[in-house]
Amino acid sequence: MATYLLLLIIAASAFSTLNADISIDCGSSESYSSDDYSIGWVGDDLYIQHGESVELQSSKAIYQPMATLRIFTDRKKNCYNIDSEKGSKVLVRAYFFYGNYDGKSSPPKFDLHFDGNHWITVETSADQLVYYEAIYVTKTDTISVCVAQTFPNMFPFISAIEVRDLDSKMYGYSDSNRALMLRRRVAYGTKAIVRSTDDFYDRIWVPAVNGDDFTVLTSDETFIEVSLDDSPPRALFQNAFATDNTSTSIQLGTNLPTTKVPVYMNIYYSEASVLDSTQKRSLQLLVDGKVNSKPFIPVYGTAGEFTLYNLTANSDTTFSLAASPDSTLPPLINALEVFTVSDELTDGTNSDDVEGLASLQDEFDVLKDWGGDPCLPSPYSWDWINCTSGSTPKVTALYLGSFGLSGVLPDFSSMTSLEIIDLHNNSLIGSIPEFLGTLPNLKQLNLAGNDLSGTIPSSISKNKKLKLTVTDNPNLCVSGKSCKTASVDTSGSGGSSSSGGRKKSKLPVILGTTIPIFVLVWVIGGVCAVLHHKRKSAAIAAGNVGQTGGANKPSGNPQAAQMQMAANNMAQNVVNDFIMNVHEQQSAPEPVYNDDQQNHLEEGN
């Protein structure tokens with residue numbers, strides 16, 4: 001028994017690890033379970049730190065996940081990143097409830113994106129909840145949901161996001177490189193919304209409105225067998241709409257746009273009663289009044305499905321479910337799903353560039369809140385990069401000047417299309433990475449106003465195509481042979497070594513003059529002491545000779561005189577050498593940089 005329980009726990013743990021289902025209450029910091037559908041909600045503070053959280057004030061009851069929202073007043077786009085498994089089929093749903101949060105009674109319009117693809121232009125309502133849903137196969141291990149401002153003074157917001165894992169067999173007639181965009185999902189004959197408590201995949205089935213045009217049928221079978229790949233909930237097949245006679249068809253509302261688009265449609269049905277041998281219910285789909293399908297026959301106690309795809313239609317296209325010519329019973333329907341089919345999904349920004357940007361985000365916290373695809377959809381790239389056009393764009397520029405970056409530059413050498421790197425006025429430390437000089441397309445590199453140290457790599461200093469700015473890095477040596485710091489700028493245009501108004505440090509000259517003079521005085525004092533000692537010794541020796549010999553001769557002997565002369569010469573040579581050294585240090589010219597380096601160093605702005 002214990003072993004059995006352990007296996008159950010392991011299986012449940014594995015399921016929870018692989019299952020990426022999540023419900024995010026945007027603008028909230030709480031985790032809770034809603035009483036309406038037993039859905040567990042989490043706040044969005046783990047998914048985004050940008051934007052402003054707003055709590056709605058209303059005298060009416062509001063579904064709790066819609067009681068808060070997050071609004072964004074800057075950036076081209078703002079994104080939520082949600083972990084997923086690459087290649088998994090998912091349902092992504094985004095909710096928007098305006099609720100007059102700003103007191104302007106002006107619900108905004110803005111764009112909605114997913115994974116670098118344009119989703120739809122959101123049109124919010126003054127007092128109605130709107131939501132959008134997409135079903136697709138993920139191409140990476142991250143799902144992104146983004147909102148982007150498209151109209152002046154209309155700031156995008158979002159109320160909630162839900163992600164549900166689907167079985168890979170579901171919606172199997174769709175192209176895995178395209179998304180299904182929900183237009184309508186309706187349950188005929190139900191009195192309430194059908195979702196998580198009945199639908200394992202938490203699809204939202206809205207009750208159809210019956211304007212007394214249909215008869216509501218209730219199944220005699222309490223347990224309907226559902227073995228369809230799309231796994232519709234069993235609750236859908238307890239009730240159905242039917243017309244009163246075989247000559248009347250069921251008009252299907254599709255909510256399609258005015259422009260023609262590819263359509264994907266699922267029609268669900270099940271016979272509600274046991275039929276006798278004289279009865280037959282046979283259905284067929286008509287498009288603009290023309291038969292578009294073979295007859296399909298509902299079976300009692302069993303769920304059936306008809307799928308329509310590879311068809312373009314718009315809001316003017318009519319779809320109807322009619323009785324086939326040999327049917328003795330009128331048509332019925334239990335549920336309907338209508339989707340439009342997207343354009344081919346993007347593979348996203350060049351993977352090497354994404355890798356390089358991820359390295360920057362890992363190193364610098366201030367960049368971690370930028371999510372979604374860096375370049376797509378155009379023109380909604382991240383604010384601090386430039387990208388090429390095309391289906392798989394590349395990053396050509398990094399504009400991170402005055403961005404609050406602090407730390408060591410990571411390796412982003414995979415970003416080989418970079419032409420401009422602007423990192424001025426940050427708090428970067430450490431040495432300049434060698435790889436920056438090996439980026440094949442780099443033309444401008446601005447590292448001014450940081451705290452970089454060491455020498456400039458030869459791959460940069462010898463790169464004749466590169467325009468380099470390194471001023472205001474007090475610990476940076478601009479030459480491998482001399483540690484002349486980058487506070488003295490070398491202009492690429494004039495070849496001058498002036499600092500552009502900054503004073504040169506005279507400390508090396510002062511030290512170079514003061515230290516030799518101090519040593520010279522010390523040496524001269526030592527020489528004088530030696531000479532004084534020698535003279536005294538010579539005088540004593542001469543006195544001793546006179547007392548013992550009595551002859552009239554010069555005072556001192558020849559050896560003492562020779563020693564004195566040698567000491568005088570040595571002192572004079574030492575003094576001359578020190579005077580010459582001091583003169584050379586005072587008049588030595590400043591180091592001259594080679595032509596290559598002068599051509600590639602630019603004055604800082």
Side-chain angles (χ1 to χ4, degrees), residues 49-51 72-79 113 116 144 146 148-149 348-390 392-430 432-433 435-452 460 463 465-473 476 486 489 492 600-605:
Q49 285 75 49
H50 199 62
F72 305 96
T73 57
D74 60 359
R75 299 187 182 180
K76 294 179 186 177
K77 66 181 178 185
N78 289 270
C79 302
H113 308 156
S144 66
C146 310
Q149 183 175 357
T349 299
N350 178 271
S351 59
D352 290 336
D353 289 340
V354 172
E355 177 186 338
L357 292 171
S359 297
L360 288 166
Q361 290 183 303
D362 288 342
E363 180 66 28
F364 304 117
D365 289 343
V366 71
L367 301 181
K368 289 182 178 179
D369 200 34
W370 293 81
D373 189 279
C375 296
L376 296 172
S378 178
Y380 300 102
S381 63
W382 291 353
D383 294 5
W384 44 277
I385 65 175
N386 270 2
C387 302
T388 61
S389 58
T392 307
K394 296 183 177 180
V395 178
T396 59
L398 297 177
Y399 295 111
L400 288 168
S402 302
F403 230 83
L405 307 183
S406 178
V408 178
L409 277 176
D411 183 357
F412 52 95
S413 56
S414 60
M415 302 180 70
T416 55
S417 296
L418 282 174
E419 299 176 5
I420 298 173
I421 299 177
D422 184 0
L423 296 166
H424 81 279
N425 195 26
N426 285 293
S427 299
L428 300 176
I429 60 174
I432 298 176
F435 77 83
L436 292 175
T438 65
L439 293 173
N441 296 292
L442 191 62
K443 299 175 183 177
Q444 297 180 35
L445 176 59
N446 190 346
L447 300 172
N450 285 284
D451 196 18
L452 298 167
I460 296 177
N463 189 339
K465 298 179 181 180
L466 181 60
K467 182 173 154 186
L468 174 67
T469 307
V470 293
T471 52
D472 296 323
N473 282 274
L476 184 65
D489 184 34
H600 314 311
L601 293 174
E602 182 194 42
E603 279 194 29
N605 296 325

Enquirer: Which class fits the ring pair His113 and Tyr380: parallel under 30°, tilted 30 to 60°, perpendicular over 60°?
Expert: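 The rings of His113 and Tyr380 sit tilted, inter-plane angle from 30° to 60°.
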
Enquirer: Atom OG1 in Thr438, atom CG in Leu442: separation rounded to 0.5 Å?
Expert: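 CG of Leu442 is found 9.5 Å from OG1 of Thr438.
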
Enquirer: So which atom in Gly116 and which in Asp373 form the shortest heavy-atom distance, rounded to 0.1 Å?
Expert: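 In terms of heavy atoms, the two residues are closest at CA-CB, 3.7 Å.
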
Enquirer: Are any non-hydrogen side-chain atoms of Leu400 and Phe364 less than 4.5 angstrom apart?
Expert: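 No, side chains not in contact.
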
Enquirer: Quick one, Leu376 and Pro393 - any side-chain contact, counting heavy atoms below 4.5 Å?
Expert: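 The answer is yes, as the side chains (C-beta and beyond) meet within the 4.5 Å cut-off.
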
Enquirer: Heavy atoms only: give me the nearest Trp382-Trp370 pair and the separation to one decimal.
Expert: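 Smallest interatomic distance, heavy atoms only, reads CZ2-O, 3.5 Å.
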
Enquirer: Ignoring hydrogens and geometry beyond distance, is a side-chain donor-acceptor pair present between Thr396 and Asn386 at under 3.5 Å?
Expert: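 No pair is found: no donor N or O on one side chain lies under 3.5 Å from an acceptor on the other.
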
Enquirer: On a heavy-atom basis, which atom in Ser144 and which in Gly372 lie closest, and how many Å separate them?
Expert: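 Minimum heavy-atom separation between Ser144 and Gly372: CB-CA, 3.6 Å.
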
Enquirer: Atom CG of Leu452 and atom CG of Asn473: how far apart are they, to the nearest 0.5 Å?
Expert: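 Atom-to-atom, Leu452:CG and Asn473:CG are 4.5 Å apart.
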
Enquirer: Taking only residues two or more places apart in sequence or in another chain, which ones pass side-chain hydrogen bond (donor to acceptor under 3.5 Å, both in side chains) with Asp365?
Expert: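 So Asp365 forms a side-chain hydrogen bond (donor to acceptor under 3.5 Å, both in side chains) with Lys368.
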
Enquirer: Do Asp369 side-chain atoms and His50 backbone N/O form a donor-acceptor pair below 3.5 Å?
Expert: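 Flag set: sc Asp369 to bb His50 pair under 3.5 Å.
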
Enquirer: Could you check whether any side-chain N or O of Gln444 sits under 3.5 Å from a backbone N or O of Lys467, counting only pairs where one atom can act as donor and the other as acceptor?
Expert: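 Such a contact is absent between Gln444 side chain and Lys467 backbone.
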
Enquirer: Begin with the C-alpha distance, continue with both residues' side-chain angles, and end with the deciding distance and a verdict on side-chain contact (heavy atoms from CB on, under 4.5 Å) for Ile432 and Leu476.
Expert: CA-CA 9 Å; Ile432 298 176; Leu476 184 65; 3.9 Å; yes

Enquirer: So, for Asn446 and Ala448, which heavy atoms are closest and what is the spacing to 0.1 Å?
Expert: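 Result for this residue pair: OD1-N, 3.1 Å.
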
Enquirer: Could you tell me whether the side chain of Asn350 and the main chain of Val395 form a donor-acceptor pair under 3.5 Å?
Expert: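 Side chain of Asn350 to backbone of Val395, a donor-acceptor pair under 3.5 Å: no, none is there.
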
Enquirer: Rounded to the nearest 0.5 Å, how far does CG of Leu360 lie from CG of Leu398?
Expert: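 Result: 6.5 Å between the selected atoms.
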
Enquirer: Is the number of heavy atoms from other residues, nucleotides or ligands under 6.0 Å of Lys76 NZ greater than 12?
Expert: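 Yes, the 6.0 Å shell around NZ holds more than 12 heavy atoms from other groups.
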
Enquirer: Within this structure, what is the CG-CG distance for the pair Asp422 and Leu447, rounded to the nearest 0.5 Å?
Expert: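 One finds 9.0 Å between CG of Asp422 and CG of Leu447.
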
Enquirer: Can I get a per-line list of side-chain donor-acceptor pairs under 3.5 Å for residues 405-421, giving both atom names and the distance, sequence neighbours left out?
Expert:
residue	atom	partner	partner atom	Å
Asp411	OD1	Ser413	N	2.8
Asp411	OD1	Ser413	OG	2.7
Ser414	OG	Asp352	O	2.8

Enquirer: If I compare all heavy atoms of Lys77 with all of Ala148, which pair ends up nearest, and what's the gap?
Expert: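 Of all heavy-atom pairs spanning Lys77 and Ala148, the closest is CB-CB, 4.0 Å.
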
Enquirer: Heavy atoms, side chains only, cut-off 4.5 Å: are Asp353 and Pro374 in contact?
Expert: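 Contact flag for Asp353/Pro374 side chains = no.
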
Enquirer: So how far is it from Lys394 NZ to Ser389 OG, rounded to the nearest 0.5 Å?
Expert: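 Those atoms lie 12.0 Å apart.
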
Enquirer: What distance do Leu439 atom CG and Lys465 atom NZ have between them, rounded to the nearest 0.5 Å?
Expert: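 Between atom CG of Leu439 and atom NZ of Lys465 there are 13.0 Å.
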
Enquirer: Please check: side-chain N/O of Asn450 versus main-chain N/O of Leu423, any donor-acceptor pairing under 3.5 Å?
Expert: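 Yes, Asn450 side chain to Leu423 backbone: donor-acceptor pair under 3.5 Å.
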
